[in-house]
Amino acid sequence: MSVRVRMAPSPTGVLHVGTARAALFNWLYARHHGGVFIVRIDDTDLERSTKEYEDEILDSILWLGLDWDEGPRVGGPHGTYRQSDRFDRYREVARSLVESGAAYFDDRSAEELEELRQKAQSEGKHPGHYIRRPDQERTEGAIRLSIPQDGPVVFDDLVRGRVSFEPQDIDDFVILRSDGTPTYHLASTTDDVDYGITHVARGEDLLPSTPKHILLTRAMGHTEPVYAHLPLLFGTDGRKLSKRHGATALSEYREAGFLPEAMFNYLANLGWSLDGETTIFTKEQAIAAFDLANVSKNPAAFDPEKLAWMNGEYIRAMAPERFDELIRPWIEKDLGRELEPDEWDRFGMVSPLVQERTRLLPEAAEQVRFLFADFESYDRASWDKVMTKDGVAGVLDRAIEGLEAVDPWDAVHIEEEMRKLPAELEMGAAKVFQPVRVAVTGTSVSPPLFESMAALGRDRTLERLRRARRELG
RNA sequence: GGUCCCGUCGUCCAGCGGUCUAGGACGCCGGCCUUUCAAGCCGGAAACGCGGGUUCGAAUCCCGUCGGGACUGCCA
């Protein structure tokens, strides 16, 4: 039987990195086995679900580089792949379960149920212990699945191994609310059955729900899929990944200048590894090697630092043309205007040098800002560190004098001239070039100096050197 | 409280009874290179939670303990 897996996001918020990672593992599993990857919209919560979130989620998945074979936008043999379009089907399932005796109506009030929970808890029992089928049959209210008390629910989880739950610890959960809408358990399980899902790989937070889904599936007369519960993602402090750790939405990383291929690679390394040695690898390598059985059981910390490093690796490895194409919008965003053709040409003189030292696109844009805009003031720390030293004025004077005569104005000739200074002034190279760098770029950290000056142009370079000289007094 | 899951460097991953003086990656520290910053190269510090067992032999198997987490809704 061919593998059919799915990701089933709820459009009640933006795509979380943890959900994205789960989607990624499902996708890898499907592609590895030549199976089918399905996206299904779990929007049974009509109150909180929106079309905007649905689009945001789908766009984020696409950005990550995952494509789906059945689901919204692409269709498939099972309709719209949106649960809100299948409420009739879920009601039909619930009704037939009542008819077969597997489920029952329950019209007890919230207060009554709460009392039963309190009682059970005070006796050290499972909260749902006393919430079972009432003695007298009801004909309205919510519909609960009756949990058979004849034996444990045992299943072999692909990543956890054998997991077992005792029936008294499973509550008679609601499958159809009294307003006729299905709960997540009913809708998800029905869809998994109807869509022929063979493997369910999802977050570990759903592990306690799994016996319910298994029992529901069996009550429907089917055999449950194989389950794989993936470890959860945490922040670097070991706490649940939340806003405090920075971005939790995939789209925030996109907006921060991360590359999808770096994100893909990084996420694939959270809970799984290609071979234990290789950190950077392609999608194809991942597909070839992936197996849910090799997924780690431990929760993983999402480390933005390592992601940034990996992003830099991908940036350095890409074709220069692609780098130029990617960096341009960031430079323009940083400047707040579009680049003129001649400015773009000038950027080309330093582009390869910038690409080499970029981890994040927005950071690179900042580094070349001096090429396109005059800075109002010098970076304070840089100025204090290099411009207050003895001999700086002399360096600038000599640099200005020498540079005026450089011809043609290109990196090679600028360097030829500048290289004369240290010996002439009897100073170390860094002592000479750093003041010039601060004068020209406004800070002590910049792309290589000679190329930067070449790209800036003679007039602006000299203008900035003179300005700095004036500031020195 | 109850149920379930997890426990190897600060972090991610490898290790599935002997080859572990525990390997790779990020980060960190030092050095080289060097006009700054990166990159690159070289080197370093850094972990099997604890206690019992099983075994000739345990990071690897079992039990306990401690610690962490998830769930415990007519949310998903």
Side-chain angles (χ1 to χ4, degrees), chain A residues 8-10 12-13 42-45 47-49 106 108 110 113-114 117 120-129 141-144 157 159-161 163-166 168-171 173-179 181-185 187-188 203-211 229 231-232 234 236-240 266 269-280 296-303 305-310 312-313 316 353-359 367 382 386 415 418-419 422 428-434 436-438 441 443-450 452:
Chain A
S10 289
T12 54
D42 277 18
D43 58 350
T44 48
D45 185 341
E47 296 289 302
R48 297 191 298 144
S49 297
D106 182 6
R108 283 172 287 187
L113 296 170
E114 186 50 34
R117 283 198 186 90
Q121 281 220 44
S122 67
E123 292 172 9
K125 290 171 173 152
H126 176 83
H129 188 81
I143 294 178
R144 291 182 185 276
D157 190 290
V159 345
R160 313 272 143 194
V163 182
S164 173
F165 289 84
E166 294 301 321
Q168 61 266 29
D169 295 322
I170 307 168
D171 55 296
F173 60 103
V174 170
I175 57 176
L176 198 75
R177 301 186 189 96
S178 47
D179 66 0
T181 61
T183 61
Y184 155 74
H185 299 300
S188 175
E204 196 199 337
D205 51 334
L206 287 167
L207 192 50
S209 293
T210 300
H229 287 91
L232 263 19
F234 291 91
T236 41
D237 56 0
R239 315 252 338 150
K240 197 173 166 175
Y266 180 71
N269 271 309
L270 252 31
W272 183 75
S273 77
L274 191 75
D275 55 15
E277 301 280 304
T278 315
T279 311
I280 306 270
S296 157
K297 296 175 170 71
N298 313 341
F302 187 92
D303 181 5
E305 261 305 302
K306 189 164 181 176
L307 209 210
W309 162 77
M310 193 169 274
E313 291 291 305
R316 277 185 289 285
L353 302 171
V354 174
Q355 180 176 356
E356 257 181 72
R357 51 209 85 205
T358 296
R359 290 203 314 171
Q367 284 226 337
S382 298
V386 339
E415 173 160 10
M418 292 292 287
R419 289 281 179 204
K431 283 271 190 293
V432 174
F433 299 142
Q434 278 305 82
V436 174
R437 184 188 308 278
V438 172
T441 71
T443 122
S444 60
V445 177
S446 81
L449 188 56
F450 312 128
S452 291

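Chain identifiers are assigned alphabetically (A, B, ...) following the order of the sequence lines, protein sequences preceding nucleic acid strands; residue numbering begins at 1 within each chain.
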Remember a base hit wins even if backbone is also touched, and classify [X] as base, sugar-phosphate or nothing at under 4.0 Å, heavy atoms.
X      : result
A:P127 : base
A:G312 : nothing
A:S10  : sugar-phosphate
A:S164 : sugar-phosphate
A:L232 : sugar-phosphate
A:L449 : base
A:P448 : base
A:T44  : sugar-phosphate
A:E123 : nothing

How long is the line joining [atom1] of [X] and [atom2] of [N], in whole Å?
X      : N      : atom1 : atom2 : answer
A:Q367 : B:rA39 : CD    : P     : 12 Å
A:M310 : B:rA39 : CE    : C1'   : 17 Å
A:L176 : B:rC74 : CG    : P     : 13 Å
A:L207 : B:rC71 : CG    : P     : 11 Å
A:E114 : B:rG73 : CD    : C1'   : 10 Å
A:F234 : B:rC6  : CZ    : P     : 13 Å
A:D157 : B:rA70 : CG    : C1'   : 14 Å
A:R359 : B:rA25 : CZ    : P     : 17 Å

Answer yes or no: is there a side-chain heavy-atom contact under 4.5 Å between [X] and [Y]?
X      : Y      : result
A:E313 : A:W309 : yes
A:P231 : A:R160 : yes
A:D171 : A:P127 : no
A:D106 : A:L113 : yes

### Query
With a 3.5 Å cut-off and just heavy-atom distances, do the side chain of A:S178 and the base of B:rC74 make a donor-acceptor pair?
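Under the 3.5 Å cut-off, the side chain and the base do form a donor-acceptor pair.
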Let's test this: given Watson-Crick or G-U wobble pairing with both distances under 3.5 Å, identify the partner of [N].
N      : value
B:rG7  : B:rC66
B:rU54 : none
B:rU36 : none
B:rG73 : none
B:rG30 : B:rC42
B:rC12 : B:rG24

Given [options], the nucleotide with the shortest approach to the side chain of [X]:
X      : options                : value
A:Q121 : B:rC74, B:rG1, B:rC13  : B:rG1
A:R316 : B:rG69, B:rA25, B:rA39 : B:rA39
A:R357 : B:rU36, B:rA14, B:rC74 : B:rU36
A:D303 : B:rA76, B:rU8, B:rC26  : B:rC26
A:F450 : B:rC5, B:rU3, B:rU35   : B:rU35
A:R160 : B:rC12, B:rC6, B:rG73  : B:rC6
A:A300 : B:rC13, B:rU72, B:rC4  : B:rC13
A:A430 : B:rU35, B:rC74, B:rG2  : B:rU35
A:F433 : B:rC26, B:rC37, B:rU35 : B:rU35
A:F165 : B:rU35, B:rG27, B:rU3  : B:rU3

### Message
By nearest heavy atom, map A:K297 and A:P447 onto RNA chain B; which one lands nearer the 5' end?
### Response
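Its nucleotide being nearer the 5' end, the pick is A:K297.
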### Task
Would you kindly compare A:H185 and A:Y266 by the position of their nearest RNA chain B nucleotide and give the one closer to the 5′ end?
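Counting from the 5' end, the first nearest nucleotide belongs to A:Y266.
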### Task
Take A:F450 and A:F433 through the test side-chain contact (heavy atoms from CB on, under 4.5 Å) and record every step on the way to the result.
CA-CA 10 Å; A:F450 312 128; A:F433 299 142; 3.9 Å; yes
Nearest-Å distance once atom [atom1] is located in both [N] and [M]:
N      : M      : atom1 : answer
B:rC26 : B:rU21 : C1'   : 25 Å
B:rG10 : B:rA45 : P     : 14 Å
B:rC9  : B:rC4  : C1'   : 29 Å
B:rC63 : B:rU72 : P     : 28 Å
B:rA47 : B:rC28 : C1'   : 15 Å
B:rA14 : B:rG73 : P     : 34 Å
B:rU54 : B:rC13 : C1'   : 30 Å
B:rG69 : B:rG27 : P     : 28 Å

Counting only side-chain N and O atoms of [X], is one of them less than 4.0 Å from OP1 or OP2 of [N]?
X      : N      : value
A:R419 : B:rU35 : yes
A:R117 : B:rG73 : yes
A:N298 : B:rG7  : yes

### Task
Give a yes or no on whether the backbone of A:S444 and the side-chain of A:S382 come within a donor-acceptor separation of less than 3.5 Å.
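Yes, A:S382 side chain to A:S444 backbone: donor-acceptor pair under 3.5 Å.
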### Query
Please walk me through it: do A:V163 and A:T210 pass side-chain contact (heavy atoms from CB on, under 4.5 Å)?
CA-CA 10 Å; A:V163 182; A:T210 300; over 6 Å; no
### Message
For the CD1 atom of A:I280 and the CG atom of A:N269, what is their distance to the nearest 0.5 Å?
### Response
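It comes to 8.0 Å.
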### Straight-line distance of A:Q367 CD to A:L353 CG, nearest 0.5 Å
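Separation between the atoms: 11.0 Å.
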### Message
I'd like to know whether CD of A:E123 has more than 12 heavy-atom contacts from other residues, nucleotides or ligands below 6.0 angstrom.
### Response
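Check passes, neighbour count above 12.
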